[in-house]
Enquirer: 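The following block contains the structure, expressed as structure tokens.
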Amino acid sequence: MLGSGLIKGLKETARNFVGSYVSEERLPTIEYPEEPAVVKENSRQFPFLVYDGDEPEAGLRCVSCQICEKECPPKCIYIVKAKDKKPDFVGKQQVYPATFDIDLSVCMSCGICAEVCPFEAIFMDTEFDLANSNRFDGLLVTKEHLAKPNAHLQKIHPTLAAGIDQRRAEAVKKQEEKRLADEAKAKADAEKKAAEAKSASSAATPASTPAAGS
Amino acid sequence: MSQSTLTNPMLASADQFLVNLKHSLIDRLPEVLQMPASILLTIVPITVGFATLFALSTWAERKGLGRIQNRMGPNRVGLPFTKWKLFGLGQPIADGLKMLIKEDVVPRNADKVLHFLAPLLLLIPAFLAFSVIPYGDGIVPIDIDAGLLFFFAVGASTELLIFCAGWASRNKYALLGSMRAIAQMISYELPLIISTFSVIMAAGSLSLVSIVDAQTGSLLNWHVFTPWGLAGFILFFISSLAEANRSPFDIPEGESEIIAGHLIEYSGFKYALFFMAEYLGMFAMGGLAITLFLGGYHAPFPFLEGWLPGVFWFVLKLVTIICSFIWIRGTMPRLRMDQLMNFAWKFMLPMSLVVVVAAGIWRFAGGPLIGWPLCAALIFGAYFALSQGLYRARNWSRREYRFAE
Ligand code: SF4
Ligand code: SF4
């Protein structure tokens, strides 16, 4: 019948209109600056450097291997290696970056830096409202501003952070076990050697004792 | 006047509050000033009232369309310099300011005089159309015997000015757009006018005041509650959508084909004037529909009559009509030019003629008991036959692609 389609359409729009007042589903708008935007766990905006503990400088995971610098497609990372070293999370001595800058205006948010980093030191942040009232400010983000605590990573990428934390905890544990084993072995060795030396010294002549001890 | 039909004199005075106010204001003035003051007191409320209604309805339209499309609509601009957003009610003010301070571009080759005059002159018929509509008991700017004729005559002159705008712009899109607008308006003017014949026949007069008086009493006396009135109202409503260039008949500005049509070379305040004239035309059409079919300024039930001024009921009905215009705009896609013309000439025109015949039958059937089934059967039969016939006559077939493939 002529006109039945019109009635159907009018019914549908009326349902939308009324529904937008009563159901969340028919009005999914989030009024952004007043209401916080819902950020997806997998979203990525701009990289940041992770540090462990409370000290940004001491806990920085980056070892300044410069892989990310080389892999970054638009070449917006700039790293200068430090001359000295500092212990990393397992106590090994590693180089650290003296300078670590990322150019915000060049970064294309590809996330390759986070992908390639073998030290789990750089990740993509989900913070998106990076706008500034001055167009020249805050374009070069330095190490001080890039460094963010591990807690931040745990907050924005919980699944990712959980896996990494577990792996790192295991590495620390393994290191500890190895150290204990090494210590035990060293102790056993020393004891064995001492025992051997003892038996040797008791067997040998008193004149040869210093040679056996070395 | 319908004062005689109101039995209670106190109620009548409540209804006459606005009229008395105006008279008491004028009586205080010296003799020479009384005439101009009376004219001013008629013109200013109409101009200001409908301009405000225009501003509010642009807001309501954006809000309503937004809700229909699961959006919020404008919700940022509220009271200036405060935190109050008021659901974005400040938006019309911001829009108006924006339109005022925008650059006014006139094409180099345009006919400068006509290009300038078209939007200004367009406002004259748009406002003149309001002069014959009765807004309340005794509140009608000019009560002329042929008010309906005057309304249509004035309304038809907008077509000339739209063509003026299209011609003066010296732009192919503008010209094509205005030609389309005129083709559409002239085609729909026929069913628009013919669908009012039944009302003229029933009231026996062309005066809008006596047409409203014929609908005094309760809801049941309204013309829309007769078979010919209902059909006539629907036909009138559809034609007025087309006359006011409203969706789904907003062909003159089909963005994908002719961009903005005759408005393409207009910017800034001139564009706003066109926009305003379009909305004023819509209000005038709504006002006429109320007057002809929906009982004018009368309350739906006799016991409500007199408590509130008739203007209130008129505005209430007008707002309802505007809301349904918005609802339809949010629902229907735009028609194609040939669909539009087919609909006008093959469906609307025959139907409106059938309605005239039905009104004649009603007149001589002698009472609703016989009249209702007779008229309803005639109108529905014509509707059914026409729609079936048009479906058959479409003769749709698979499209042959000669060059593609
Ligand atoms: S996200 Fe991509 S562009 Fe940005 S710093 Fe990392 S690798 Fe470079
Ligand atoms: S962030 Fe990762 S890949 Fe880049 S220099 Fe530091 S350790 Fe190497």
Side-chain angles (χ1 to χ4, degrees), chain A residues 1-46 104-105 108-109 124-139 155-158, chain B residues 60-76 78 83-85 87-88 230-231 234-235 237-238 241 247-249 323-335 339 342-343 346-348 350-351 379-394:
Chain A
M1 198 58 151
L2 189 70
S4 57
L6 301 184
I7 309 276
K8 222 161 99 188
L10 286 173
K11 230 162 59 190
E12 188 56 41
T13 44
R15 197 181 308 146
N16 261 354
F17 182 82
V18 178
S20 73
Y21 285 99
V22 291
S23 115
E24 191 89 337
E25 207 175 293
R26 289 192 190 265
L27 190 66
T29 312
I30 295 165
E31 289 186 83
Y32 160 59
E34 289 91 29
E35 283 176 53
V38 186
V39 178
K40 292 257 164 62
E41 199 187 323
N42 286 341
S43 70
R44 54 165 201 254
Q45 300 297 334
F46 189 69
L104 177 63
S105 58
M108 59 184 193
S109 307
M124 299 303 283
D125 207 340
T126 52
E127 190 191 356
F128 60 90
D129 37 4
L130 303 165
N132 203 323
S133 54
N134 180 337
R135 66 188 163 123
F136 300 112
D137 278 353
L139 289 182
K155 205 178 97 203
I156 60 171
H157 297 305
Chain B
E61 173 145 37
R62 293 174 63 182
K63 213 68 186 158
L65 288 183
R67 289 285 173 171
I68 283 172
Q69 295 158 6
N70 298 352
R71 295 184 286 112
M72 288 258 177
N75 60 352
R76 294 281 135 182
K83 279 230 163 77
W84 295 333
K85 296 254 168 70
F87 308 104
L230 183 62
I234 294 171
L235 289 173
F237 190 79
I238 295 174
L241 279 176
S247 173
F249 303 108
C323 287
S324 53
F325 273 149
I326 295 171
W327 185 13
I328 287 171
R329 174 160 176 206
T331 310
M332 317 270 173
R334 183 179 291 135
L335 288 179
Q339 291 171 333
N342 273 347
F343 189 61
K346 292 187 183 162
F347 182 79
M348 297 290 286
M351 273 313 285
I379 290 169
F380 190 77
Y383 170 69
F384 187 77
L386 264 177
S387 61
Q388 289 300 316
L390 287 179
Y391 262 125
R392 299 257 164 71
R394 275 190 314 196

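Each chain gets a letter, A, B and so on, in the order its sequence line appears, and its residues count up from 1. Given the structure is predicted, the values throughout are model-derived calculations rather than measurements.
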Enquirer: Only one of Leu65(B), Ile328(B), Thr331(B) clears side-chain contact (heavy atoms from CB on, under 4.5 Å) with Thr13(A); which?
Expert: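 Exactly one pass, corresponding to Thr331(B).
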Enquirer: For atom CD of Glu24(A), decide whether the heavy atoms of other residues, nucleotides or ligands shown that lie under 6.0 angstrom number more than 12.
Expert: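 No.
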Enquirer: According to salt bridge (Lys or Arg N to Asp or Glu O under 4.0 Å), does anything in residues 3-14 of chain A pair up with another residue at least two apart or in another chain? List the pairs.
Expert: Glu12(A)-Arg15(A)
Enquirer: At a 4.5 Å cut-off on heavy atoms, which part of Tyr391(B) comes close to chain A: side chain, backbone, both, or neither?
Expert: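 Just its side chain gets close to chain A.
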Enquirer: Would you find more than 12 non-hydrogen atoms of other residues, nucleotides or ligands less than 6.0 Å from Glu25(A) atom CD?
Expert: no
Enquirer: Rounded to the nearest 0.5 Å, how far apart are OG of Ser20(A) and CE of Met72(B)?
Expert: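 So the OG of Ser20(A) and the CE of Met72(B) are separated by 8.5 Å.
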Enquirer: Can you tell if the side chain of Met332(B) reaches within under 4.5 Å of the side chain of Leu10(A), non-hydrogen atoms only?
Expert: yes
Enquirer: Rounded to the nearest 0.5 Å, what separates atom CG in Asn16(A) from atom CZ in Arg67(B)?
Expert: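 Rounded to the nearest 0.5 Å, the CG-CZ separation comes out at 11.0 Å.
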Enquirer: Between CG of Asn75(B) and OG1 of Thr29(A), what distance do you get to the nearest 0.5 Å?
Expert: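 The distance works out to 8.5 Å.
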Enquirer: Among residues two or more places apart or on two chains, list those pairs meeting ring-ring contact (aromatic ring centres under 6.0 Å, His included) that have a residue in residues 20-41 of chain A.
Expert: Phe17(A)-Tyr21(A), Tyr32(A)-Phe128(A)
Enquirer: Might you point out which heavy atoms bring Gly3(A) and Tyr383(B) nearest each other, and give the distance in Å?
Expert: N-OH, 4.1 Å
